[in-house]
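Down below is the structure, laid out as structure tokens.
Computed over heavy atoms, backbone and side chain alike; hydrogens, waters and symmetry mates excluded.
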2 protein chains.
Amino acid sequence: MSKESLLPLLMAHVMAHGLGQASLRPLAKAAGTSDRMLIYHFGSKEALIGDLLGHIAGVYAAMLDAALAAGARPATRGELLAGLLAQNGDPAMQPFQMLWWEIVGGAARDLPGFRGAAQGMVGKLLGWLEAQMPEGDPDPAGGARFLLTAIEGAAMLAAVGHGETAQQGLLAGGLLPS
Amino acid sequence: MSKESLLPLLMAHVMAHGLGQASLRPLAKAAGTSDRMLIYHFGSKEALIGDLLGHIAGVYAAMLDAALAAGARPATRGELLAGLLAQNGDPAMQPFQMLWWEIVGGAARDLPGFRGAAQGMVGKLLGWLEAQMPEGDPDPAGGARFLLTAIEGAAMLAAVGHGETAQQGLLAGGLLPS
DNA sequence: GCGACTCTGTAGCGAGTGCTACATCGGCTT
DNA sequence: AAGCCGATGTAGCACTCGCTACAGAGTCGC
């Protein structure tokens with residue numbers, strides 16, 4: 001049982017139960033080890049969380065890479081945005097979303113490791129968005145930043161039960177094809 | 001020492017130290033009582049957090065009401081958005097922002113009381129935005145929802161250190177006066 | 001004065017926290 | 001075979017957690 005083989009199991013547990021409530025003994029049980037061994041491998045809980053956040057960011061980056069290699073570029077900004085909203089709303093993404101907001105909270109409070117992980121994930125998403133911008137878009141860099149802001153706003157509103165409000169806003173702003 | 005007189009002190013402590021880390025004894029010390037008394041007044045920690053979230057939402061609503069009564073309506077959507085971004089970036093607002101992301105995280109995980117509080121606060125902000133929309137705006141309701149989405153997206157990006165990215169996006173989207 | 005009631009301080013419970021001391025086991029080199 | 005070193009189990013430490021039992025203090029109506 002190496003560090004690397006533990007991280008996916010730890011990530012699964014954290015996705016299901018939350019990052020804030022994660023304590024060593026439940027984490028260890030989920031990974032099939034003991035708290036003793038987690039400390040042995042990672043040195044401290046803080047270091048474990050740091051490594052775990054890095055691992056999560058890596059998984060997220062790999063997911064985006066796979067999506068980029070697989071998907072066809074959408075023809076308009078509206079199509080791109082609609083696709084992203086649909087993916088964010090997918091129930092399968094919900095555990096990831098819950099984890100994401102916890103990471104944002106940690107970043108806002110500048111807990112060690114959180115800001116870096118969050119920044120990396122957003123940066124990766126921004127790069128992916130730039131690559132996905134429609135061919136011939138007049139300002140792919142700015143447009144990607146614009147869409148990123150809109151998507152994250154919509155995701156936050158959806159998280160607090162105002163998903164429809166975001167939908168209406170993006171429609172009214174002309175970002176979504178009606 | 002009644003429930004109502006305790007809530008502002010509890011809120012201050014939570015703003016400074018976070019909601020997730022709040023435990024009864026430090027909370028009680030901050031409010032000048034004992035954990036014993038907190039349980040006596042609120043019944044349980046869960047109920048305390050619920051009441052506290054309600055109180056926070058109320059304070060937020062009162063802040064918006066005061067701002068609405070005091071301020072002059074901006075002339076354009078861009079001005080309105082710029083003013084909001086400036087206010088969100090104000091260091092004095094940072095404790096509130098940190099608390100907000102924790103509330104969003106709780107709402108995403110559907111912890112008791114969090115979703116309701118978050119929903120109420122966003123609803124209040126939306127109403128305030130509608131009232132603040134420039135006179136003669138062709139679609140105040142839709143425009144307010146659009147601005148709300150943009151603002152929240154920008155706030156999230158700022159929380160993870162991508163504030164400049166959001167700024168560039170809103171500029172590229174034509175939402176901010178250049 | 002006296003009982004009833006609300007409020008509050010002290011002490012403590014059982015569970016869980018991160019982490020450590022110590023012993024052990026197995027495979028490695030020499 | 002001897003010794004060494006990384007990996008792991010057991011037990012436990014000092015502490016915090018939410019919460020409670022009990023006793024007292026103050027105040028009210030009677």
Side-chain angles (χ1 to χ4, degrees), chain A residues 1-56 98-99 102-103 105-106 109-114 116-117, chain B residues 1-56 98-99 102-103 105-106 109-114 116-117:
Chain A
M1 274 292 181
S2 72
K3 233 161 115 154
E4 284 66 31
S5 67
L6 288 173
L7 284 171
L9 301 168
L10 296 175
M11 177 175 168
H13 179 264
V14 151
M15 288 256 231
H17 299 86
L19 204 45
Q21 314 307 323
S23 54
L24 286 182
R25 275 173 258 257
L27 278 176
K29 177 174 280 188
T33 0
S34 64
D35 54 334
R36 168 71 183 72
M37 278 300 104
L38 291 183
I39 296 293
Y40 177 76
H41 284 304
F42 294 94
S44 71
K45 188 191 177 183
E46 187 176 309
L48 186 155
I49 298 292
D51 287 5
L52 186 50
L53 287 173
H55 175 72
I56 291 168
M98 299 194 306
L99 192 53
E102 225 167 335
I103 294 174
R109 249 172 225 290
D110 209 8
L111 304 184
F114 282 74
Chain B
M1 275 293 180
S2 71
K3 232 161 117 154
E4 283 67 31
S5 67
L6 287 173
L7 284 172
L9 301 168
L10 297 175
M11 178 175 167
H13 179 263
V14 151
M15 288 256 229
H17 299 87
L19 204 45
Q21 314 306 324
S23 54
L24 287 181
R25 275 172 259 253
L27 234 32
K29 177 174 279 188
T33 1
S34 64
D35 55 333
R36 168 71 183 73
M37 279 300 102
L38 290 183
I39 296 292
Y40 177 75
H41 283 305
F42 296 93
S44 71
K45 188 190 178 185
E46 186 176 309
L48 187 156
I49 298 292
D51 287 4
L52 186 49
L53 287 173
H55 174 74
I56 291 168
M98 299 193 306
L99 192 52
E102 227 166 332
I103 293 174
R109 251 174 224 288
D110 208 9
L111 303 184
F114 281 74

If you measure from NZ on Lys3(A) to NE2 on His41(A), what distance do you get to the nearest 0.5 Å? 9.5 Å
Atom-to-atom span, CG of Leu27(A) to C1' of dG18(C) - whole angstrom: 12 Å
If the condition is side-chain contact (heavy atoms from CB on, under 4.5 Å), which residues does Arg36(B) pass it with, not counting sequence neighbours? Ser34(B), Tyr40(B)
Between the main-chain N or O of Gly18(B) and the side-chain N or O of Glu102(B), is there a donor-acceptor pair closer than 3.5 Å? no
Euclidean distance, atom CD of residue Gln21(A) to atom C1' of dG16(C) [Å, nearest integer]: 13 Å
If you compare all heavy atoms of Phe114(A) against all heavy atoms of Leu19(A), which two are closest, and at what distance to 0.1 Å? CE2-CD2, 3.6 Å
Would you say Leu10(B) and Asp51(B) make side-chain contact, with heavy atoms under 4.5 Å? no
Rounded to the nearest 0.5 Å, how far does CG of Leu52(B) lie from NZ of Lys45(B)? 11.0 Å
Value in whole Å for how far the C1' atom of dC19(C) lies from CZ of Phe42(A): 16 Å
Need the bend value for the helix from dG1(C)-dC30(D) to dT30(C)-dA1(D): angle between end axes, 5 pairs each end, nearest 10°. 10°
Check side-chain contact (heavy atoms from CB on, under 4.5 Å) between Glu46(A) and all other residues, then give those that pass, not counting sequence neighbours. Ser44(A), Pro112(A)
Quick one: which protein N/O atoms are closer than 3.5 Å to N/O atoms of nucleotides 9-12 of chain C? Pair and distance per line, please.
from   : atom 1 : to       : atom 2 : distance (Å)
dG9(C) : O6     : Arg36(B) : NE     : 3.1
dG9(C) : O6     : Arg36(B) : NH2    : 3.4

Could you tell me the boundaries of the chain A footprint on DNA chain D, defined by atoms under 4.0 Å from its heavy atoms? dG6(D) to dG12(D)
Ser23(A) side-chain N/O to dG16(C) phosphate OP1/OP2 under 4.0 Å: no
Compare all side-chain heavy atoms of Leu53(B) with those of Ile49(B) and state whether any distance is below 4.5 angstrom. yes
Length of the CD1-P vector between Ile39(B) and dC13(C), whole Å: 19 Å
Taking only side-chain N and O atoms of His41(B), does any of them lie within less than 4.0 angstrom of OP1 or OP2 on dC7(C)? no
Atom CD in Gln21(B), atom CG in Leu27(B): separation rounded to 0.5 Å? 12.0 Å
Those residues that, when tested against Lys29(B), pass side-chain hydrogen bond (donor to acceptor under 3.5 Å, both in side chains) (two or more places apart): none
What is the distance from atom CD1 of Ile56(B) to atom CE of Met11(B), rounded to the nearest 0.5 Å? 5.5 Å
